[in-house]
Amino acid sequence: MDYNFAEIEKKWQAWWAENQTFRVQTAPGRPKFYVLDMFPYPSGAGLHVGHPLGYIASDIYARFQRLRGFNVLHPMGYDAYGLPAEQYAIQTGQHPEVTTAANIKRYRQQLDKIGFSFDWSREVKTCDPAYYRWTQWAFIRLFNSFYSYEKNKALPVTGLVQAFETSGTDGLQVACGKEESFSADEWRAKSEKEKQETLMNYRLAYLGDMMVNWCAALGTVLANDEVVNGVSLRGGYPVEQKVMRQWCLRVSAYAERLLSGLDAIDWSASLKETQRNWIGKSEGAEIRLAIGSEGKREITVFTTRPDTIFGVTFMVLAPESEWVDALATDAQKAEVTCYVQAAKKRTERDRMSDRTVTGVFSGSYALHPLTGEPLPVWISDYVLAGYGTGAIMAVPAHDSRDYAFAKRFEKELRAQLGGKDPVVPLIEGCDVSSESFDAKEGIMMNSPQAGYPCGLSLNGLDVQEAIARTKEYIEKYDLGRIRVNYRLRDAIFSRQRYWGEPFPVYYDSSGMPQMLPEEVLPLKLPEVDKYLPTDTGEPPLGRADHWAWDSVRNKVAATADIDNKTVFALERNTMPGFAGSSAYYLRYMDPHNEKALVSRENNEYWRSVDLYIGGTEHATGHLIYSRFWNKFLFDLGVVCEDEPFKKLINQGMIQGRSNFVYRIRETNTFVSLNLKDRYDVTPLHVDVNMVSNDALDVDKFRAWRPEFADAEFILEDGKYLCGWAVEKMSKSMYNVVNPDDIVEKYGADTLRMYEMFLGPLEQSKPWDTNGIDGVHRFLKKYWRLFFENGTLAVSDEPATPQELKVLHRLIKKIQTDVENFSFNTSVSAFMIGVNELTELKCRKRAILQPLTTLLSPFAPHICEELWSLLGHAGSIADSVFPEYEEKYTLENRFDYPVSFNGKLRFKKALPLGISAKEIEAAVLNDEQSTKYLEGKTPKKVIVVEGKIVNIVV
RNA sequence: GCCCGGGUGGUGGAAUAGGUAGACACGCAGGACUUAAAAUCCUGUGGGCAGUAAUGUCCGUGCGGGUUCAAUUCCCGCUCCGGGUACCA
């Protein structure tokens with residue numbers, strides 16, 4: 001009986017589906033385990049062989065945990081909203097829903113062929129109204145919440161209103177856009193509209209005039225993580241800075257918790273590091289500087305180096321800073337305006353590619369807070385409006401950017417400083433003649449003489465002490481305050497697109513946004529005639545005249561105090577891609593609940609994701625947003641865990657391995673790889689599916705394209721060898737390998753094991769079909785272990801110790817490997833084990849049955865088949881993982897009590913059972929070894945394959 | 001620039017509380033079975049030198065140092081490759 005993988009795999013996939021083998025339910029009292037993959041965006045290209053890598057790993061882990069007795073939640077779904085479907089719709093007029101549904105169907109077919117143990121009854125699609133209802137619901141909750149730093153959690157806005165009414169902003173510690181202060185009386189004097197506008201400054205979802213990344217080509221704004229190197233992540237179009245009124249999420253309120261939460265979760269160091277950098281906490285001080293001699297107006301700057309205060313020789317404002325207008329003197333006004341205009345026109349990309357130092361003098365002077373000396377105030381685009389206060393104190397000696405600026409405008413600065421050098425070094429022994437000294441180390445010098453004029457001297461302190469001392473001083477004399485700044489900005493939540501979640505928002509007659517009542521959710525995405533923005537530049541939803549309103553009108557009128565005659569205007573923007581993916585892991589816990597995102601009961605059972613597998617590309621997007629979202633829901637009491645993903649593994653990228661043929665110039669003759677240097681050739685990409693072990697199938701090549709039909713070949717050793725290179729896997733490189741083809745040729749079990757065998761899970765590596773034979777051979781060998789002369793020949797004889805040793809060593813190895821996600825070495829271990837059993841001609845149930853259980857997470861189909869051949873009913877998934885016994889696994893290392901005054905280096909490896917005397921006699925009598933053992937007692941003899949190879953003292 | 005990874009045979013990769021370097025697999029070479037092919041199985045396979053051979057011996061984990069009886073593993077310096085990030089004060 002041969003290993004007929006096609007038949008076996010079809011049979012068991014159908015069996016699993018029919019019996020709903022992987023369907024799970026909450027089971028209080030039984031330990032749970034939640035294994036999650038990052039759900040895919042179903043693109044039109046289908047899956048290539050790189051996509052399932054993470055899914056295979058998680059599936060192995062899920063099946064493994066199932067065998068160990070855990071109640072395993074292992075769901076899958078689709079991140080179905082996205083730009084490609086919409087752009088395709090714009091080009092073809094096809095509704096994105098139609099193409100998305102088709103793509104999902106195709107994905108599902110491809111996934112099913114690989115034999116994943118997903119519980120499909122819990123499938124989630126972000127474009128499904130039953131799902132995005134809860135995205136809209138969460139948005140409403142965000143809108144109705146603010147963040148209290150005192151309680152360190154989100155609270156209902158009603159509480160904030162109460163506080164305003166009793167004591168205004170007095171004593172409030174809350175997250176807000178811009179800081180403001182008003183009394184209770186002032187609050188009460190505000191009109192309703194004014195009150196609403198004020199509250200926007202505190203809501204966690206708020207409408208704000210934001211400097212946004214506007215991408216004209218895509219016709220929408222983008223979040224910071226969607227912009228890479230000044231161009232859009234999708235499509236690579238230029239992005240410019242622009243102020244627009246947009247919905248935003250106050251992610252920044254959670255900066256500290258997002259940062260400290262990292263300590264408690266098991267993620268890779270590099271991913272945590274990426275998030276830490278993105279959050280970008282920096283501790284420093286805000287210092288106020290008086291403007292002009294009258295000292296009435298003050299500018300605040302932020303610095304992490306208050307110790308360098310005596311090196312400040314000028315100030316710089318961002319071009320967008322609100323102080324620019326006020327500080328530009330009449331004489332400078334024209335020049336300043338010109339500069340600010342020019343800076344505005346520059347896109348993010350221009351700013352990055354062109355690092356020439358530019359700037360303009362405002363005409364005003366600030367006063368040094370300690371020495372009282374005048375500091376010229378400049379304007380330059382190297383200062384960012386969005387970070388700190390949009391203004392800096394420049395310390396050219398100890399900041400490279402300030403240094404560059406000071407050198408560029410040295411002449412002007414010198415004149416403004418009365419001839420003094422703007423570069424004032426403050427650290428002993430530093431050389432600032434050609435560059436600044438940025439390091440935070442050294443001993444301070446050059447403070448003004450003690451007692452004059454401010455009484456602060458930092459001389460002799462090291463930098464850290466000086467920072468602390470200066471901070472103290474600033475607080476004591478009220479020159480500013482100690483302050484922590486974060487790089488993390490609020491997330492812009494509006495997209496001017498069609499294919500996304502509609503906001504549950506309408507605008508009342510005064511133009512203020514109002515939330516729809518939760519009862520009318522979901523607000524469904526309407527039909528439109530075209531997917532482009534309207535002629536007046538409104539988002540595509542502007543094309544839907546009465547959209548949705550008709551269906552919600554009655555419900556709204558019944559539940560809310562809304563004037564039915566008011567002309568309602570629903571929000572025309574839609575939500576961004578990360579909206580739908582921010583809480584999908586919670587929905588899997590209770591996917592059909594119509595009353596709640598997730599019930600308390602289900603949430604308390606499944607709690608959070610125990611293992612999350614996905615790519616690093618989401619480090620600063622999805623993985624920040626969903627942590628934020630989860631923490632918010634945690635504050636609300638909707639979920640019981642503060643962090644959504646306890647452990648996270650990043651699978652590496654699978655790159656493509658392209659093949660080349662070499663065409664002799666001006667001919668239709670192709671020359672094999674190692675002969676190509678003798679000719680003048682041009683390399684040509686050739687479809688990797690026509691190549692096997694780098695040898696070209698010339699017939700397929702001739703049939704590939706008409707122009708190659710009469711191609712000639714110059715062979716070597718009777719073969720045409722192709723060259724190769726590692727490139728991105730893409731259609732244009734002809735290096736896309738489709739998992740369906742592999743499954744058809746070798747079977748899903750081979751694909752699964754080979755993807756794991758390819759190398760460490762977290763490492764990026766090229767796909768190379770060469771070598772898959774080895775894994776396929778292993779499975780055939782495993783199959784043959786059960787048969788003799790074509791019939792099943794598994795006996796019930798007891799196993800020998802030798803056979804048990806093979807089994808138990810393997811159990812132990814697989815267990816530790818799976819725990820460490822070292823699946824590649826597991827596959828090797830299986831190969832070794834099976835080779836040994838083949839050699840021992842072991843066909844015993846006592847060995848093969850547990851071994852099949854052990855192998856089943858990796859190669860589930862063949863194992864199910866063999867399992868049933870052994871006479872078991874039902875799925876192997878219901879069986880129990882075998883335990884290993886120490887006595888069979890400890891054959892390589894053991895304690896060997898010897899005492900001798902010997903030397904170490906052996907002339908030969910020694911046999912087991914040798915006496916101390918014999919060991920002594922066998923070792924080389926050299927100086928090194930003698931030194932090693934001198935005066936020490938050997939503790940352990942390490943024996944490998946029956947021979948002593950080492951003595952540990 | 002800064003922060004992470006990582007350099008091991010022809011190839012993918014094993015092995016790090018320091019202890020037989022190259023497991024396992026691919027490829028290659030030779031052999032068996034076949035009219036032949038496919039499939040399967042067996043043997044060899046880091047390099048140099050010596051030997052008919054078993055074998056012996058020296059060199060070998062990017063480069064240069066160091067610690068140690070012992071270094072792919074630890075420390076210092078350099079170099080190359082990959083990833084992340086960047087006027088964040």
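- As rounded to whole Å, 22 Å separates atom P of rA89(B) from atom CD1 of I379(A).
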Nucleic acid footprint by protein, nucleotides 40-46 of chain B - heavy-atom cut-off 4.0 Å, B for base, S for sugar-phosphate alone = SS-----

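- One side chain, Y387(A) or S282(A), offers a donor N or O that lies under 3.5 Å from an acceptor on the other.
- In RNA chain B, the stems built from three or more successive Watson-Crick or G-U pairs (distances below 3.5 Å) are B:1-7 with B:79-85, B:10-12 with B:24-26, B:27-32 with B:40-45, B:46-50 with B:55-59, B:62-66 with B:74-78.
- Where Y387(A) and K813(A) each meet RNA chain B at their nearest nucleotide, the meeting point lying more 5' is that of K813(A).
- With C1' as the reference atom, rG62(B) and rU73(B) are 16 Å apart, rounded to whole Å.
- For the OP1/OP2 pair of rG13(B) and a distance below 4.0 Å, the side-chain nitrogens and oxygens of Q763(A) include at least one atom meeting the criterion.
- Within 4.0 Å of P766(A), counting heavy atoms only, lies no atom of the nucleic acid at all.
- Only the C1' atoms considered, rG82(B) is 46 Å distant from rA32(B), to the nearest whole Å.
- Look at rG9(B): its glycosidic torsion is within 90° of 0, and that puts it in the syn range.
- Here L758(A) lies in heavy-atom contact (under 4.0 Å) with sugar-phosphate atoms only.
- A salt bridge does not link K407(A) to E435(A): none of the charged nitrogens lies less than 4.0 Å from a carboxylate oxygen.
- Within the structure, salt bridge (charged side-chain N to carboxylate O under 4.0 Å, His left out) contacts touching residues 816-831 of chain A (residues at least two apart or in different chains) are R68(A)-E819(A), K813(A)-D817(A).
- Here N824(A) lies in heavy-atom contact (under 4.0 Å) with sugar-phosphate atoms only.
- Between rU61(B) and rC41(B), the distance separating the two P atoms is 35 Å to the nearest Å.
- Of the candidate nucleotides rA14(B), rU85(B), rC26(B), rC26(B) has the atom lying nearest to any side-chain atom of N770(A).
- Residues meeting the side chain to side chain donor-acceptor pair (under 3.5 Å) test with T304(A), sequence neighbours left out: none.
- For the side chain to side chain donor-acceptor pair (under 3.5 Å) test, residues two or more places apart in sequence or in another chain that qualify with S658(A) are E727(A), N735(A).
- Residues satisfying the salt bridge (charged side-chain N to carboxylate O under 4.0 Å, His left out) test with K281(A), not counting sequence neighbours, are E256(A).
- Near-neighbour residues of RNA chain B inside residues 826-838 of chain A, defined by a heavy atom below 4.0 Å, number-ordered: S828(A), M831(A), I832(A), N835(A).
- Taking atom C1' on both rG13(B) and rG6(B), the two are 14 Å apart, rounded to the nearest angstrom.
- Rounded to a whole angstrom, the distance from the C1' atom of rA21(B) to that of rG31(B) is 30 Å.
- For the residue pair H398(A) / S436(A), no side-chain donor-acceptor distance below 3.5 Å is found, with atom types taken as modelled.
- Within 4.0 Å of Y486(A), counting heavy atoms only, lies no atom of the nucleic acid at all.
- Q655(A) meets the side chain to side chain donor-acceptor pair (under 3.5 Å) test with no other residue; sequence neighbours excluded.
- Every residue meeting the side chain to side chain contact (heavy atoms under 4.5 Å, CB included) condition with V316(A), not counting sequence neighbours, appears here in chain and number order: F314(A), S380(A), Y382(A), V383(A), I392(A), A394(A).
- Atom CZ in R483(A) sits roughly 14 Å away from atom P in rA89(B) (whole-Å rounding).
- Every residue meeting the salt bridge (charged side-chain N to carboxylate O under 4.0 Å, His left out) condition with E273(A), not counting sequence neighbours, appears here in chain and number order: R276(A).
- The separation of rC4(B) from rC76(B), taken at their P atoms, amounts to 13 Å, rounded to a whole angstrom.
- The shortest distance between the side-chain N/O atoms of S282(A) and the OP1/OP2 oxygens of rA89(B) is below 4.0 Å.
- With sequence neighbours excluded, the residues satisfying side chain to side chain contact (heavy atoms under 4.5 Å, CB included) with A466(A) are D307(A), M444(A), L458(A), L461(A).
- The side chain to side chain donor-acceptor pair (under 3.5 Å) test applied to Y339(A) returns T358(A), not counting sequence neighbours.
- Between N820(A) atom CG and rU16(B) atom P the separation is 11 Å, expressed in whole Å.
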